[in-house]
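Worksheet for the structure shown next.
Reckoned from all heavy atoms, side chains included, excluding hydrogens, waters and symmetry mates.
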Amino acid sequence: MMEKRKRIGIMGGTFDPIHIGHLILGETAYQQFQLDKVLFMPAGNPPHKRNRQDRASNVQRTEMVRRAIWGNSHFALSLEEMEKEGLSYTYETLEHLKETHPDTDYYFILGADSLYDFEKWKEPGRILKACTILVATRNHTSYERLEAVMTLLEEKYGGQIEKLDSLNIDISSKQIRSWILQGRSLAYYVPETVISYITENNIYKDCDKDEIRNSKV
């Protein structure tokens, strides 16, 4: 009898900081696609986000993710990219995971904004060969545009892209950082354990306001 293949979701990102939107996407993917587990994978040194001064350190971002997912048995922290030397590329991470876990199918979770920029990523075709992409929308996203981009990418590179039936939680880490500078409450947008950690360690208080204004996430 053939052994059942594992189905693992991957939530990648800088998580600077992690917020409720990330957690809801992970839970939605777990439920909708009958995943065995969702890995929250903080990026170590992504090539498109090299200027990270006055942000949370790698150790702090990792600890915030750890605290945010604690208590959820089907969420897990992965240091696959955090422990890698040099720049982190998604296609390399996915290919390494498939090589070391040939019994597993991977589902990479991302937002519509990232999908629109997908062809700017390193080796988009290899990413699509290594996983199924699960894409979530935001309130400002046109469903017609999203479906057109999904179709275009599938036809050009092969692979599979599926839509996540998730609530539109239109929140970003950029917004969270700006609220911290404004002294605005993060209640219900960020887990209490993460809010406490940010406060105790005085994270983001020295962020440059212009840098936050111009950043995307």
Side-chain angles (χ1 to χ4, degrees), residues 9-29 38-58 60-69 75 77 81-82 88 90 108-118 120-121 133-143 145-146 149-150 163-199 201-217:
I10 297 176
M11 276 288 300
T14 50
F15 300 121
D16 198 12
I18 189 169
H19 54 71
I20 200 71
H22 297 128
L23 301 174
I24 289 174
L25 285 186
E27 187 68 19
T28 300
V38 177
L39 303 180
F40 282 73
M41 188 180 293
N45 190 20
H48 59 299
K49 297 178 183 177
R50 300 186 194 185
N51 182 18
R52 299 186 45 77
Q53 62 182 10
D54 300 326
R55 300 281 195 88
S57 67
N58 288 355
Q60 289 171 332
R61 290 189 295 114
T62 299
E63 183 59 24
M64 286 190 284
V65 172
R66 193 191 312 277
R67 292 183 179 219
I69 67 176
F75 283 177
L77 171 65
E81 290 195 343
M82 189 62 74
S88 300
T90 299
F108 194 79
I109 305 162
L110 49 75
D113 291 348
S114 295
L115 191 72
Y116 296 151
D117 289 334
F118 187 69
K120 297 177 183 177
W121 293 29
I133 288 181
L134 307 182
V135 60
T137 62
R138 282 182 167 175
N139 289 333
H140 60 266
T141 301
S142 160
Y143 282 100
R145 181 189 178 198
L146 178 61
V149 171
M150 289 169 62
K163 226 176 344 185
L164 272 173
D165 300 328
S166 178
L167 292 173
N168 290 326
I169 308 299
D170 207 3
I171 185 69
S172 69
S173 296
K174 171 188 173 181
Q175 279 182 297
I176 297 298
R177 295 194 300 271
S178 70
W179 290 352
I180 291 170
L181 285 178
Q182 297 164 21
R184 177 172 169 173
S185 170
L186 306 183
Y188 308 113
Y189 289 96
V190 177
E192 286 294 333
T193 52
V194 176
I195 294 174
S196 297
Y197 185 77
I198 290 172
T199 302
N201 292 275
N202 207 31
I203 307 174
Y204 308 118
K205 289 295 186 181
D206 296 323
C207 282
D208 183 271
K209 292 183 180 180
D210 289 332
E211 183 273 332
I212 285 181
R213 192 178 299 116
N214 295 326
S215 66
K216 291 184 177 180
V217 297

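Nearest approach of Arg61 to Met82, heavy atoms of both residues: NH2-CE, 3.6 Å. Residues Pro17 and Met64 come closest through the heavy atom pair CB-SD, 3.8 Å. Here the closest non-hydrogen pair linking Ile24 and Ser166 is CG2-OG, 3.8 Å. Pairing each heavy atom of Ile109 with each of Gly26, the nearest pair is CD1-CA, 4.5 Å. The two residues Glu81 and Pro42 come nearest to each other via the heavy atoms CB-O, 3.8 Å. Minimum interatomic distance between Val194 and Ala68 (heavy atoms only, all atoms of both residues): CG2-CB, 3.8 Å.
Among Arg55, Lys174, Gln60, the single residue meeting the side chain to side chain donor-acceptor pair (under 3.5 Å) criterion with Asp16 is Arg55.
At least one donor-acceptor pair under 3.5 Å links the side chain of Gln175 to the backbone N or O of Ser172. Panel note: side chain Thr193, backbone Arg67; a donor-acceptor pair is recorded below 3.5 Å.
Between the CD1 atom of Ile133 and the CG atom of Leu115 there is a distance of 6.5 Å, given to the nearest 0.5 Å. Considering CD1 of Ile18 and CZ of Arg66, their distance stands at 12.0 Å, rounded to 0.5 Å.
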I would like to know whether Tyr116 and Arg145 meet side chain to side chain contact (heavy atoms under 4.5 Å, CB included); could you show each step before the answer? CA-CA 9 Å; Tyr116 296 151; Arg145 181 189 178 198; 3.4 Å; yes
Run the numbers on Leu164 and Val135 for side chain to side chain contact (heavy atoms under 4.5 Å, CB included), then give the verdict. CA-CA 6 Å; Leu164 272 173; Val135 60; over 6 Å; no
Tell me, with the steps shown, if Ile176 and Tyr204 meet side chain to side chain contact (heavy atoms under 4.5 Å, CB included). CA-CA 10 Å; Ile176 297 298; Tyr204 308 118; 6.0 Å; no
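Taking Tyr189 as the reference, Trp179 meet the ring pair (Phe, Tyr, Trp, His ring centres under 6.0 Å) condition, with sequence neighbours excluded. With sequence neighbours left out, the side-chain contact (heavy atoms from CB on, under 4.5 Å) criterion links Ser196 to Glu200. Residues passing the side chain to side chain donor-acceptor pair (under 3.5 Å) test with Asn201: none are found, sequence neighbours excluded.
In this pair, Trp121 and Phe118 present their aromatic rings tilted. The plane angle is within the 30 to 60° band.
Annotation: Phe40 is not in aromatic contact with His22 [ring centroid separation under 6.0 Å not met].
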